[in-house]
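Indexing begins at 1, ligand by ligand and atom by atom, following the structure's order. Heads up: numbering here begins at 1 and tracks the sequence.
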Amino acid sequence: MRRFLLLPLLMAVSSFVLAQNAGSTPAVITIPVVVHVLYNNAQQNISDAQIRSQLDVLNKDYSGTNADRSQTPAYFANLAADCGFQFKLASQDPDGLATNGIVRKYTSIQYFSNDDRAKSATNGGDAAWNRDQYLNIWVCNLTGGLLGYTSAVGCAAEKDGVVISYTAFGTMGTATAPFNGGRTATHEIGHWLNLRHLWGDTYCGDDGVDDTPQQRASNRGTPTGERFTCGNTAHGDMYMNFMDLTDDASMHLFTLGQRQRMRALFASGGARQALLSTPALQQPSALVKAIPSVAETTLPSSFMVVYPNPASETIVVDINTKEAVSGKLVIFNAAGQPVLSQQFNSNHAVVSISQLPAGIYYLRQGNTGSFVKFMKR
Ligand code: ARG
Ligand code: ZN
Ligand code: CA
């Protein structure tokens, strides 16, 4: 009897010790996400359901539970990893207010590119939330067939995150074949987690990962069989890896080596370690909170005009002062809970209220001061 018990017991003890030695990195790292939807027309203002369909793909791909993993050829199957990441839309915004993790913003920009305007409010985009607390994803109309792009690890904080075309985000709505499998975000977040393209971006280059075979360049489309390109690998290119450029339906794994490289960012001193202690996924207090670091003057409600009223999609807020004022608007529901906050500039704001349930709301400028009542229908 003892002999049967001893081996599992030893294994349990040693894996416990291993987990302890691995330091504070949790087995599953949960990344809070904010999605900034930048839309120039109604179609680009993708639905919550489409956004959730993207989160579902990420959660499968980064835990190795995606159904198409069964397609991994036998000779690569032992390298495929459960990377131990999960992604959740934030429930608390940088001010500690409730959020659904989705920011919707009308933009006059018709086409974005990889020039980072998407990340700048003064250039028609929306500013990043603190990268130590959130993964920022901007979804917008990218021009020139670009599906997505990602900042380099260690870039300036306000540029940190991934930008993805609304035609390649999620698996429904505006997502368009052959890039409607949600793999653009899987790929770009791989970069955000420090992965390189398999070919190291040079001819038979190095991606810094030992268990991904060398390959000459990117693969596209839907390759089949073994594809030898550098002449030094047993089974050719791993074109089904998320860090190649094949179609969504043709990519389905990260390797154990890639897992290790991504998770190293969360070890002590790693570039993304701070995310392990983010408050972004905690439930915000239901009470009205003072909002820190807002330095604007507080105006009586008679200086604020809100129209149309009632409104269903957006309200326009004009603040009638001689001098230009900028600051923060906060919308409270009838129970006095803050439900939305938005920056305004030069006495003017257009606030999307499409996500709010119908009812009576109160709008306040700044931390204190009077409320303006409006109705959402
Ligand atoms: N940055 C790459 C591009 O824009 C992303 C490719 C993602 N590949 C995919 N099958 N979704 O081309
Ligand atoms: Zn890439
Ligand atoms: Ca390699």
Side-chain angles (χ1 to χ4, degrees), residues 50 53-54 57-58 60-62 66 68 71 75-76 79-81 111-116 118 137-153 155 161-172 174-223 227-262 264:
Q50 186 172 345
S53 77
Q54 179 62 71
V57 171
L58 291 173
K60 287 182 177 136
D61 288 352
Y62 277 86
N66 48 306
D68 52 358
Q71 294 170 25
Y75 47 84
F76 286 147
L79 297 174
Y111 304 99
F112 286 91
S113 68
N114 62 357
D115 62 5
D116 286 336
I137 301 179
W138 290 268
V139 179
C140 60
N141 188 25
L142 287 174
T143 188
L146 182 64
L147 301 172
Y149 75 96
T150 304
S151 58
V153 173
C155 71
V162 315
V163 184
I164 301 194
S165 168
Y166 78 105
T167 60
F169 196 74
T171 60
M172 54 177 286
T174 58
T176 308
F179 303 113
N180 57 348
R183 262 63 195 262
T184 301
T186 300
H187 175 100
E188 298 304 335
I189 292 170
H191 286 309
W192 183 79
L193 291 169
N194 209 24
L195 295 186
R196 299 200 217 138
H197 292 135
L198 294 193
W199 63 103
D201 294 309
T202 52
Y203 191 96
C204 291
D206 181 9
D207 64 352
V209 173
D210 289 340
D211 62 2
T212 51
Q214 247 182 354
Q215 67 182 51
R216 186 165 60 207
S218 64
N219 291 290
R220 303 245 173 201
T222 57
R227 229 186 100 76
F228 295 91
T229 57
C230 295
N232 58 356
T233 59
H235 296 286
D237 294 2
M238 191 187 273
Y239 53 75
M240 58 299 282
N241 190 285
F242 293 124
M243 299 318 287
D244 205 334
L245 292 180
T246 50
D247 287 352
D248 282 12
S250 289
M251 47 171 62
H252 51 256
L253 80 142
F254 288 119
T255 67
L256 294 164
Q258 288 175 315
R259 169 192 151 102
Q260 197 182 4
R261 188 174 163 94
M262 290 192 274

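Distances from the Ca ion (ligand 3) under 3.0 Å pick out these protein N/O/S atoms: Asp207 OD1, Val209 O, Thr212 O, Thr212 OG1. Around the Zn ion (ligand 2), the protein N, O or S atoms closer than 2.8 Å are His187 NE2, His191 NE2, His197 NE2, listed by chain and residue number.
With Arg183 contributing its side chain and Met251 its backbone, the two residues share a donor-acceptor pair below 3.5 Å. Looking only at distances, a side-chain donor or acceptor of Arg261 sits under 3.5 Å from a matching main-chain atom of Asn194.
In this structure, the side chains of Phe112 and Val163 stay at 4.5 Å or more apart for every pair of heavy atoms. Counting heavy atoms from C-beta on, the side chains of Thr186 and Phe254 come closer than 4.5 Å.
Ordered by chain and residue number, the residues placing a heavy atom less than 4.0 Å from ligand 1 are Leu146, Leu147, Gly148, Phe179, Arg183, Thr184, His187, Glu188, Leu245, Thr246, Asp247, Asp248, Met251.
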When you look at Tyr149 and Asp116, which way does the side chain to side chain donor-acceptor pair (under 3.5 Å) test go after all the steps?
CA-CA 10 Å; Tyr149 75 96; Asp116 286 336; 2.8 Å; yes
Would you sort out whether Arg227 and Asp244 count as a salt bridge (charged side-chain N to carboxylate O under 4.0 Å, His left out), showing the intermediate values?
CA-CA 13 Å; Arg227 229 186 100 76; Asp244 205 334; over 6 Å; no
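Nearest heavy-atom pair across Leu147 and Ala168 is CD2-CB, 4.0 Å.
Relative ring orientation between His191 and His187 is described as perpendicular, the plane-to-plane angle rising above 60° on a 0-90° scale split at 30° and 60°.
Side-chain atoms of Gln215 and Thr229 form no donor-acceptor pair, as typed in the model, at a separation below 3.5 Å. A donor-acceptor contact closer than 3.5 angstrom is absent between the side chains of Thr212 and Gln258.
Pairs passing the side-chain hydrogen bond (donor to acceptor under 3.5 Å, both in side chains) check and including a residue from residues 247-256, sequence neighbours excluded, read Thr72-His252, Asp211-Thr255.
Other residues, nucleotides and ligands place no more than 12 heavy atoms under 6.0 Å from the CG atom of Asp210. Within a 6.0 Å sphere centred on CZ of Phe228, heavy atoms belonging to other residues, nucleotides or ligands number more than 12.
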